[in-house]
Structure formats: structure tokens, C-alpha cells
There are 2 protein chains.
Amino acid sequence: MTSLTDTFAALSDPTRLSLVEKLLTRGELPAGTLASEADISAPAISRHLKVLREAGVIQQRVQGTHRYYSVRPEALRTVNGWTMDHRAFWAGSLDRLDDLLALDPEGDDT
Amino acid sequence: MTSLTDTFAALSDPTRLSLVEKLLTRGELPAGTLASEADISAPAISRHLKVLREAGVIQQRVQGTHRYYSVRPEALRTVNGWTMDHRAFWAGSLDRLDDLLALDPEGDDT
DNA sequence: TCCTTAATTTGCGCAACAGTTAATTAACAG
DNA sequence: CTGTTAATTAACTGTTGCGCAAATTAAGGA
């Protein structure tokens, strides 16, 4: 089992979050594509992918010499679940009324 | 402005996540209470609180010699917003994802 | 076999992080 | 002013994280 903090740690690096966003928007991608589009070396990307995989954020599919990566839905569900556990706290607050109304225009007694 | 990765980084430490959970469930608390309940020194807690504050996760209210801390709703909204941006990817059961997304709004709990 | 391509692992340097104890700042009471 | 309490900052130490270049593993083609 990977903990919630492990997931947050995996997503706390800009390079890794960028990798995850790519996989989310474009689906499964090979390591080579991810590495060639990044501005750091391939070994560095490989390490980031390993961190993400060990945190349970992404999964690997091997085909020949290629390794295809994709996001594990469970990881995002876990993060979402944590925020939802405390939804009553942040959804009902008027800390930033404008943002709240922008997210949920009919959320109050209009 | 604090980035999403800064928020994730702030929440990636078990001690800090624990502090945030305490503030979420019990509301505003002074630094002393948080420090006395932790198993590490007060200075260490103080630093964690500083990290959380600089990441925009918590806020501070000063009253006399006491510093009261509480969670900023905006922080949790931001995290929730990120998961919601990719909701189509992770929501629903894996094998029925496409079907679920194709269903109309009244389809899931009747 | 030999060579190329894909990707990872290794070795190394450096910066950042998390913990400690000691010192400091700040508010308040006597 | 002096002392007490609350909390933070300072100084130091060990560990972890991230980058690179070089070496290594693995699959496939001539």
C-alpha cells in the first residue's frame, strides 16, 4: 500500500506533475516520447517515472524494448477522495466568495 | 502565487499532513497544542507550520503570545479542482467508464 | 555474432529537507 | 525591571532528492 503522502510527494515535483499531465491528456505514452519532450536527460526522466510508479501514480506496460506508461485512475481517485472527505470544510466556506461562485454558481441561496 | 506542486510538497510530509488533518477536524488551534501533541520538538513543528503557511495551506492569527492556525479552504479547493479537471479519466468503475460518461445525469443512483 | 535502439541503473556532486539543542523575540504579570 | 510563557529563529548534523555522464541490460535486425 502506498500512503497519501507518498502520492503527494510523487506529485510535488514540477517535472513529475508535467509527466502525469501529459499522460492524462494524451493517454499511454512510451518513455522515449516523454524523455524527448522534456528539458532534462533521459535518465532523469526514467527516475521520475520510477518514483511515480513506486508511488502507484502510474503503471508500466512492456512491449519489446518499449515501456508504455499510463496513469492509474486509483491514484487520482485517492487524492480526490481526500479532498471530498473534507468537502464540508472548503465547499461551504466564504474565504474566497468569488472563487466559490465561479466553481459552483448556484451553490448558495440564489 | 503558490503553485500546485508547492501545495503537494507541503502535504507530502506525514507530520505536516497530520497537522493539517488536526486543523481540519478540530478547527483553529494554537501552535502549542499542535506541538504538544506531536512526537517531535516544538521548533520542528514551528518549521512545518511555516512551510504550510508559505505554501498557502494554512493561515495564522495572532492573539497576544499565541499563534492560532487554521486551514485555508482555498488550498483544498485547489487540490480538488485539479482532480476534477481530470474527473473523466478516473471517475466511475474502470470497465464501465465509457458507459458511465455517456449516461445522462439521473443514471447512477436510481 | 555484431550493431543499433530503448530504457534503466550506477556513481558522483550539490542543494534542500528534517531533526536536534541553544538562543532569541515578544507579550504579559508582578 | 525581572521573570515566565509562547513561539520562532539560529546553528549544526545526517539524510534525501535531483541533476549529469557513463555504464549496463534487453530486444531486434543485418
Side-chain angles (χ1 to χ4, degrees), chain A residues 2-23 26-72 75, chain B residues 2-23 26-72 75:
Chain A
T2 67
S3 66
L4 185 56
T5 51
D6 288 335
T7 302
F8 284 143
L11 300 174
S12 70
D13 181 88
T15 299
R16 284 195 294 269
L17 184 60
S18 173
L19 290 172
V20 171
E21 300 266 21
K22 273 189 209 289
L23 294 175
R26 297 159 59 188
E28 191 183 56
L29 291 172
T33 299
L34 294 169
S36 67
E37 294 180 3
D39 51 358
I40 58 177
S41 68
I45 293 298
S46 182
R47 270 203 155 168
H48 282 303
L49 290 172
K50 185 178 184 180
V51 170
L52 287 168
R53 188 158 50 82
E54 288 179 349
V57 175
I58 64 176
Q59 57 192 346
Q60 187 188 59
R61 181 173 67 85
V62 179
Q63 188 174 45
T65 65
H66 294 259
R67 269 84 186 222
Y68 291 89
Y69 288 94
S70 57
V71 177
R72 292 187 59 233
Chain B
T2 66
S3 65
L4 185 58
T5 51
D6 288 334
T7 302
F8 284 142
L11 299 173
S12 70
D13 182 88
T15 299
R16 284 197 294 269
L17 184 60
S18 173
L19 291 171
V20 170
E21 301 266 20
K22 273 190 209 290
L23 295 175
R26 297 159 59 187
E28 193 184 54
L29 291 172
T33 299
L34 294 168
S36 68
E37 294 179 4
D39 51 358
I40 59 177
S41 67
I45 294 297
S46 182
R47 284 184 114 183
H48 281 303
L49 291 172
K50 186 178 182 180
V51 171
L52 287 168
R53 190 159 49 81
E54 288 179 347
V57 175
I58 65 175
Q59 58 193 346
Q60 188 188 59
R61 181 174 67 86
V62 179
Q63 189 173 43
T65 64
H66 295 260
R67 273 83 193 247
Y68 291 89
Y69 289 93
S70 57
V71 177
R72 293 187 59 233

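Just so it is clear, the values below take in all heavy atoms, side chains as well, and ignore hydrogens, waters and symmetry mates.
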side-chain hydrogen bond (donor to acceptor under 3.5 Å, both in side chains) filter on B:Thr5, not counting sequence neighbours, yields B:Ser3
Can you list the residues that meet the side-chain hydrogen bond (donor to acceptor under 3.5 Å, both in side chains) rule with B:Thr15, with sequence neighbours excluded? none
Nucleotide nearest B:Pro43 when distance is taken to its side chain, options C:dA18, C:dT8, C:dT20: C:dT20
Side-chain contact check for B:Leu49: nearest option of C:dA18, C:dT9, D:dT8 is D:dT8
Can you find a pair of side-chain heavy atoms, one from A:Gln63 and one from A:Tyr68, that are under 4.5 Å apart? yes
Does any non-hydrogen side-chain atom of B:Tyr69 lie less than 4.5 Å from one of B:Leu23? yes
note: A:Leu52, atom CG; D:dG17, atom C1'; distance rounded to Å ~ 14 Å
Rounding to an integer number of Å, can you tell me how far B:Arg53 CZ sits from D:dT9 C1'? 13 Å
Mark yes or no for whether A:Thr33, through its side chain, and A:Leu29, through its backbone, hold a donor-acceptor pair below 3.5 Å. no
Applying ring pair (Phe, Tyr, Trp, His ring centres under 6.0 Å), which residue pairs with at least one partner in residues 2-23 of chain A are found, sequence neighbours left out? A:Phe8-A:Trp82, A:Phe8-B:Phe8
Supply the atom-to-atom distance B:Ser18 OG to B:Leu11 CG, rounded to the nearest 0.5 angstrom. 12.0 Å
Among residues 8-15 of chain B, which contact DNA chain D at a heavy-atom distance under 4.0 Å? none
Do any of residues 29-37 of chain B sit with a heavy atom less than 4.0 Å from DNA chain D, and if so which? B:Pro30, B:Ala31, B:Gly32
Taking 4.0 Å as the cut-off, does a side-chain nitrogen or oxygen of [X] come that near to OP1 or OP2 on [N]?
| X | N | result |
| --- | --- | --- |
| B:Ser41 | C:dG19 | no |
| B:His66 | D:dT5 | no |
| A:Tyr68 | C:dA7 | no |
| B:Gln60 | D:dA6 | no |

Partners of B:Arg61 by salt bridge (Lys or Arg N to Asp or Glu O under 4.0 Å), sequence neighbours excluded? B:Glu28
Taking only residues two or more places apart in sequence or in another chain, which ones pass salt bridge (Lys or Arg N to Asp or Glu O under 4.0 Å) with A:Glu37? A:Lys22, A:Arg26
Atom pairs, protein N/O to nucleotides 11-13 of chain C N/O, distance under 3.5 Å:
none

Would you mind writing out the side-chain donor-acceptor pairs for residues 41-48 of chain A within the sub-3.5 Å range, not counting sequence neighbours?
unit_1: A:Ser41; atom_1: OG; unit_2: A:Ala44; atom_2: N; d: 3.4
unit_1: A:His48; atom_1: ND1; unit_2: A:Arg16; atom_2: NH1; d: 3.1

Report, one pair per line, the protein and nucleotides 27-30 of chain D atoms (nitrogen or oxygen only) whose separation is under 3.5 Å.
none

Using a cut-off of 4.0 Å on non-hydrogen atoms, how would the nucleic acid contact of B:Arg16 be classed: base, sugar-phosphate, or nothing? sugar-phosphate
List the atom pairs, with distances to 0.1 Å, where a side-chain N or O of residues 49-56 of chain A and a protein N or O form a donor-acceptor pair under 3.5 Å, not counting sequence neighbours.
none

